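Notes follow once the structure below has been shown.
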Amino acid sequence: MSTTYEPLPFPLETERLTLRPWAESDAPEFCALLSERGRGTPPVERIRTSIAEFLAETERTGIALLPVQRREEGDFIGYCGLIVGRTTLEEPEIAYELFRRVHGRGYATEAAGAVIEAAAATGRKRLWSTVGTWNTPSLRVLEKLGFERDRLSTEENGEVAWLTRSLP
Ligand SMILES: CC(C)(COP(=O)(O)OP(=O)(O)OC[C@H]1O[C@@H](n2cnc3c(N)ncnc32)[C@H](O)[C@@H]1OP(=O)(O)O)[C@@H](O)C(=O)NCCC(=O)NCCS
């Protein structure tokens, strides 16, 4: 039996941030963000295609990763949203990634807080996140948002913590 959920409502506004749909013009900045993973810079053409795929996927699933833009500066600082990832469309994962230059200012927590609220508005009852156990900042963000550890798994790249949070 499948349950249907409302599409994730967006744009989302917080005190300092807007979470909005992807535009093709985000491609260069998105490339720069991905290059911070330290495995080179993907070709901008490939990222344009990824953006088109994100938009099509959102049409199909009603969930999305959303570009995070600072309201005052108007700049793209990363993304935050929901993905199926290692879980399900019914109980998706929250995910985020921000430029290093803006870390440590509470932006991930602020953006993810808005995504949690929006996820609840779709009718969903539970979210997950899977995070490398080495990733202290990400684990801290989840802790601040009320996620609790469910279990650990071991993958090729190391140990993964599975955290979950029920929605009001
Ligand atoms: C995870 C990430 C999005 C956090 O973004 P952020 O905007 O810096 O997060 P916030 O400022 O909201 O919160 C970070 C928290 O981690 C803490 N923190 C950061 N580095 C830390 C460290 N090395 N040890 C302990 N705590 C740390 C911060 O102090 C803060 O907690 P506090 O509010 O209690 O002080 C950012 O680090 C990132 O983009 N990382 C790369 C991508 C990634 O790992 N994504 C998650 C994949 S699961």
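Counting starts at 1 for both ligands and their atoms, in listed order. Being a predicted model, the structure only gives us computed values, none of them experimental. Quick note: residue numbers are just sequence positions, from 1. Atoms considered below: every heavy atom in the structure, side chains included; atoms not considered: hydrogens, waters and symmetry mates.
- T61 is linked by a side chain to side chain contact (heavy atoms under 4.5 Å, CB included) to E57, I63, L89, counting only residues two or more places apart in sequence or in another chain.
- Applying the side-chain hydrogen bond (donor to acceptor under 3.5 Å, both in side chains) criterion to Y96, with sequence neighbours excluded, gives S138.
- One finds a salt bridge joining D75 and R101 here, because a Lys/Arg side-chain nitrogen approaches an Asp/Glu carboxylate oxygen to under 4.0 Å.
- With Y107 as the aromatic partner, R105 does not meet the cation-pi criteria of under 6.0 angstrom to the ring centre and within 45 degrees of the ring axis.
- Counting heavy atoms from C-beta on, the side chains of R86 and S153 never come closer than 4.5 Å.
- Ligand 1 is surrounded by Y96, E97, L98, H103, G104, R105, G106, Y107, A108, T109, T130, V131, N135, T136, P137, S138, R140, V141, K144, each with at least one heavy atom closer than 4.0 Å.
- Applying the salt bridge (Lys or Arg N to Asp or Glu O under 4.0 Å) test to R48 and every residue at least two apart in sequence or in another chain returns E24, E45.
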